Amino acid sequence: MKEVTSSYDAHAVEEWAQDFWSVRDTYAEVQQLRSAGRPFFFVDGPPYTTGHIHLGTAWNKILKDAILRYHRMCGRSVIERAGYDMHGLPIEVKVEHELGFTSKKDIEEYGIAAFIERCRTFAETHKDIMSEQFKRLGIWLDFENPYQTITEDYIEAAWWTLKRAEERGLLERGHRVVNWCPRCETAIADSEVEYWDEKDPSIFVKFPVAGRENEYLVIWTTTPWTLPANVAVAVDADFTYARVLAKKDFAEELLWIADDLVEPVLKLGRYQDYEVLERVPGSDLVGVEYTSPLAAQVPQQREIRHRVVAADFVTMENTGLVHIAPGHGWDDYLLGIKEGLEVFCPVDGGGCFLPSAGAFADMYVRDANDVVIDALGDNLIARKTIVHRYGHCWRCKTPIIFRATEQWFLKATGIRDRMLEEIRDVAWHPEWAGSARFHDFVADSRDWCISRQRYWGIPIPIWQCEACSTYTVVGTIAELADLSGTTIPDPHRPYVDGVTLPCSCGGVMRRVEDIFDVWFDSAVASWATLGFPRQREAFEKYWPADFITEGQDQTRGWFYSQLGASMIAFDRSPYRSVLMHGFALDAEGRKMSKSFGNVVTPDEVMNQYGVDVLRLYILSASAPWDDLKFNWDGVKTVHRAVNILWNVYRFPLPYMILDAFQPATDADGRWDASLLRERRRDLPEADRWIISRVNSLAGQVEEEMEEYQLHRVTRALTNFVLEDLSRWYVQLVRSRMWLEEDAPEKRFAYETIYYVMRRLVGLFAPFVPHITEQIYQNLRMEGDPESVHMLDRIEPDPLLIDTHLEAAMDVIRSFDDAVANARQAGKRKLRWPVEECVVVTESDLVRDAVGDLKPLARARANSRTVTVVEGAWDRLSWQAEPVMRAIGPEFGKEGPKVKALIEQAGGSALKAAIEADGKAALGGYELTARHVTFTESLPEGVYAAPMKDATVYVDVTLTPDLEAEGYAREVIRRIQEMRRQLNLNVDDFIAADVQVEDSRVADLIRSAWATGISQEVRAKDLVIRSPGENGDQGRKWALAKDWDVEGVSMRMGISQAGGQ
RNA sequence: GGGCCCGUAGCAUAGCUGGUGGUGCACCCGGCUGAUAACCGGGAGGUCGUGCGUUCGAAUCGCAUCGGGCCCA
C-alpha cells in the first residue's frame, strides 16, 4: 500500500486507469477470464455514425457498460461487440452538402461509385471518432472489432433475411402510398418523418353535383395541390347531411354540408342567410356523382367519374365531407382499393406535377397551392391559413408529400399476431414498456416499406427479368456469383447494379435499383453481429440476445425493426429482455436542441468533473426509464460524494503504513477475510457494525440489480459512503488510529477498514470503473486478481450481517444527533465534557441499544455518564399553567382564585393526578386536562432534544474537573493546529510552552492534564505556566501564537524536539 | 386527435399494496480541526400541477384538466 497525499484528481485517476487497462489489455483479459462462464449475449444498438455523441448517447452506453460489467463480475461470459449504423440518407445528405449537390441528378453526374466512396469515408471517420469518445467514457465493448452495417458479411445477413421473407411469402411488390421526400426523391419510412408545426392554406371548396343545377358538395382541405388528383368525396354513412339553400349578395345556391357544421361553414363563406331544405343520412349521399372544379385545367379530370363514398375515418369537423385523392393519402388509397377508385398521382419524384396535371405541369406542388386556389374561381368558398403539425423528412427537413408508388414491402401485418405473442414472453423493464407501449405500437403497425430510391445503403438483392418480370431474391454473395458467373469487389451500388442473371425465359434479369430502408440494416444486427449466415456456430450457441437496452424512441425503431425482421427470419423474438431508458433533457425538462442553446455535452461534464462523476451522476439521477433532467448542481453533489469516497479511502493509509499493516493472506497470496470472520465476536461494535452494513449493502445491490434499478443501487452505494462510512464509522474509528502502541483495537480497525474498502470497490466497480481500479490497485495483495474488474461479484456474507446491531446503531446515531442538538442549545461545545446525559424513553429498542452500546454512546456524547430512564426522570419537573379560556367561563368569579391555585400547585403531582384519573382536586375545585397545560421545567443547566422514540437531556453544568478537561482539550487542539502549520509528521516529537493568563485555569490544567496533553501532542517537554511564573521565556520557538480560549488568553510556543 | 411515462420546498428527488410528507444541493446558524482548499450538526423552507370523486382518512385509488417528454395518427 502506498500513501495517497493528493486530493481526488479525477483526470489523473482516469488517465491512469485507462492507461493501466490499455497496457495490460485488461478488457481482453476479463473477457478471457469469463469465457468459460454461462454466456450472456448482448447486442449493442448501433448508433448512427454522424457528428458527435451527446448526453443521451453517453447515457445509453454508460447503462450498457455498467450492466455488462456487473454481469461479468457475476461470472457471465458476455458476448458483445460495439455496433455502428453506417448507411443511409443522413450520410448521403451530409456528403451532398459537402459537394454542394441539390438533387439526385448531381449525384448521378458525379458518379455513384465516387459518391458512395465519400459516404463510406464519412461513416468510417465518424465511427472512429465516436469509438474514441465511448472509450473515454470507460465503456468496455469490443471497439477493435465492431459490427458495421457496411461490411460484406453484414450485408449478407440482410440479403439472407430478405430471402427468408420471400420464402415465407412475406415479401411483396406493391403499389402503395408512401411518405415521400421530394428533395431526397425517395420513399421514407414512417419512422423517418418528423412532425412540427407548419403554416398551410385551409380552404373550403365546392364540387358541382352532376346533373343538378347550382348544387354542390362542400369539402375542406389543407393541400390544394392534391385537388387535381381528386376522384371521390367521402362521407360518414351515419352522419346527417343538410341540403342548404345559401344566400349571398342576392345569389342563391344549394350546398351539401354536414348538418352540425352548416352554421360555421356558411359564416366562413360570408353567406348572409340560409335555409335548410332537407336533411339526409350520409348513406343517402353515397353514389352521388360530381365533377371536378379543375376539369378545365386538368384534362384527366374530365375522364374521371367522381362519386361520393362512405368511409369510417370521416369526422364531424370542417364540412364533414372529405376530399379523396388515392394517389396522395394513405386512408384515401385504402379506401380507393376498397371502392375500386382510380389511383391518380400526377406528381413526380421531385415533387413536381407531371404533364398529366395539365395546366399545372412542372410546378412544384407546394408552390402550386396558390395557382390551384386561383383556378378554383367561384368554387372557392373560403380561404384561411392554418398552423398544424405536418410531417417532414428527418434529414433534410423538407415537408413530405404522399405519393402512390411501386415499392417493396414486408408484410408485417401478416405476422402481427405472432409478434404480439412474442412480446409477452420478453422480460420488459419497466413492465409497461412492453405490455402497454410496445404492445400498442405493434398492434397498430402496418406493412413495412423497405425500399428506398437512393445510393448509400444495402442494395436490395432482387433481380427481375426485363422480359417476363419474374424476380428472384439472392440470399448470399456466393449465390450471386454462382448465378451470374461474375464476382464483385463490393456488394454496394453501383458495383452490384452491373450484375445480370439469366432468366429461365431466356431474358436478362437486372437488379431492381432500390436499396434497403436503413432501419432494415440494424434490424438484422442480432444475427449479423454473430457472423450469421456465413458462420452458424456462434448463432446456434448464443442467439437470441439475453439483453438489449435503448431509449424510449426505439420502441418504434430498433425494438420494432429487430422484432419484425426476426419474426420473418426465425419466427421468434431476437431478444429475451429489454430495458427501455429515457431521454436526456435539460434542467427545465425540455429537449436539448442546438437551436435552443441548452445542449450539454458529455465532454463538458467530463472536462469539469471527470468520467466517473458523469457516470455516477447519470446512473443515480433518475430511474433508467424516466427522463433525465440534467442538472449541474446534481453533478456537483455527486462530485462531492466521489471526493468523500476518495478521502475515506486515503485517510487510514498513513497509519496503516506507519504500522506496516499487512492484511491477512492465504497460501496463494490472496487477501483472506476468514480471520476476520473467525474473530468477528472479538471485534469492537463499530467494526462489527460497518462490516454488517457493507454486507447488507451487497445484498441490496444484488436485489436491485435484478430489476435494473441502477438508480437505487448507485444511490445506496453513495449513501453508504456518505452516511455510514464518512459520517459515522470514520468518526468512531479515528481515535483508534492514533493509538501509539500496537493495540488490538487498532489492528481491528485496520482489518475492518481494509475489509470494507475491498468490498466497497468491488460493489462500486461497474459504475465508477476508474476510481475503483486505482483504489483496488493500492489495496491489492500479491495473489489477488489483477484488476478490480476481475473480481467476482461481492456477495453478502450472512455470517457477518447483524441486523440487531444495525438497528441499535441507528438508535445511537439518533442519540448522537440529539446530543449535538441539546449541546448547541446549551452552548456547550462537543470538546467540553459534560457530567450527565439522560435518555428518557418508552421504547425497548432505544433502551437496549443505549444499554448495549453505552461506551460508544458515552464517547459520542463526551459525557461522564449516559443513563436510560423509562417513564419519568426524577430531575424533571412540570410547571402547571392555567388555561383561562376554559377556567373563566366555568368558574366565573372564582376564576382568579383557581388560577392562583394552579400556579402555586406542584405541577408534577397535578400532572400525574390528571393523567391517572382524568381529573384532580385542587383546593376544592375539580380540574381536568382542559383547564391546565404543562410545560416541562428543566433543571438548571439541562438542555433537551428529541431523538427517535426518546428525549435526550444533557446537563452542561461545569465542574472543576470538567472545566480542566475542557481547557486541556482546547490547548491540545491548538497545539495540534500549530503542529500542522509546522508541517510536522504525525510521529514527530515536540517541546511546548503554554502561558495561561488566568492562573486558576493554569492550575486546573496543570494539575490534572499536563501528562495527558503531552501524550496527545507528542510533547517530550511541556511547560504550563501562569503569567508570573518562569519558564523558557527566552527560548526561541519554531512557532509561537497567541490564542483566545473561551475568553482566556494563552500564548503557546512549540518546536520540534531534537533527536527523537 | 390517440397511446405510454413524468409533474412533490429555489433546484433535484424518495414515498405511490391509502393512515400525521422524507432526503440531498443551495440558503442561514453552529460544531469539529491528526480525511483539513476536507468533515459534521442544527434551522428555515411544501396549496404533494389543478379540479372533482371514492373513503372515517388520498401525495398514494378513480375521473377530468393543465404543463413536460417519447411515440403514433
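Naming: A, B, ... by sequence-line order, numbering from 1 per chain. Here the structure is a predicted model, which is why all the values come from computation and not from measurement.
Under the 30°/60° scheme for interplanar angles, the aromatic rings of A:Tyr560 and A:Phe441 are found to stand perpendicular.
A donor-acceptor pair shorter than 3.5 Å can be found between the side chains of A:Asp687 and A:Tyr729.
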Could you run through nucleotides 17-27 of chain B and give me one letter per nucleotide, 5' to 3': B if any protein heavy atom sits under 4.0 Å from the base, S if only the sugar-phosphate is that close, - if neither? -------SS--
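Stem regions annotated for RNA chain B: B:1-7 with B:66-72, B:10-13 with B:22-25, B:27-31 with B:39-43, B:49-53 with B:61-65, counting only runs of 3 or more consecutive pairs of Watson-Crick or G-U type with both contacts under 3.5 Å.
Not a single donor-acceptor contact under 3.5 angstrom links the side-chain atoms of A:Arg437 to the base of B:C5.
Between the A:Arg823 side chain and the A:Ala861 main chain, a donor and an acceptor come within less than 3.5 Å of each other. A:Gln731 contributes a side-chain N or O that, together with a main-chain N or O of A:Ser726, makes up a donor-acceptor pair within less than 3.5 Å. Distance alone, capped at 3.5 Å, is enough to place a donor-acceptor pair between the A:Arg979 side chain and the A:Val1017 backbone.
For A:Asn778, the side-chain hydrogen bond (donor to acceptor under 3.5 Å, both in side chains) partners are A:Tyr649, not counting sequence neighbours. When the side-chain hydrogen bond (donor to acceptor under 3.5 Å, both in side chains) test is applied to A:His54, the partners found at least two apart in sequence or on another chain are A:Thr57. With sequence neighbours left out, A:Arg860 forms a side-chain hydrogen bond (donor to acceptor under 3.5 Å, both in side chains) with A:Asp816. Not counting sequence neighbours, the partners of A:Trp448 by the side-chain hydrogen bond (donor to acceptor under 3.5 Å, both in side chains) test are A:Asp517.
Counting any heavy atom pair closer than 4.0 Å across all strands shown, A:Ser622 reaches no nucleic acid atom. Residue-level contact check: A:Asp440 touches the backbone only, with heavy atoms under 4.0 Å from sugar-phosphate atoms and none from bases. Across all strands, A:Gln976 comes closer than 4.0 Å to base atoms (heavy-atom distances). Within the 4.0 angstrom heavy-atom criterion, only backbone atoms of the sugar-phosphate kind lie near A:Arg712; the bases stay farther away.
Residue A:Arg974 places none of its side-chain N or O atoms closer than 4.0 Å to OP1 or OP2 of B:C32.
Residue A:Asp627 has its side chain nearest to B:G69 when only B:C11, B:G69, B:G41 are considered. Side-chain atoms of A:Arg556 lie closest to B:C71 of the nucleotides B:C4, B:C39, B:C71. Taking only side-chain atoms of A:Phe583, from C-beta outward, the nucleotide of B:C32, B:U13, B:C70 with the closest atom is B:C70. You'll find that the side chain of A:Gln731 is closest to B:C39, out of B:C39, B:G41, B:A12.
Separating the P atom of B:G10 from that of B:C72 is a span of 36 Å, rounded to the nearest Å.
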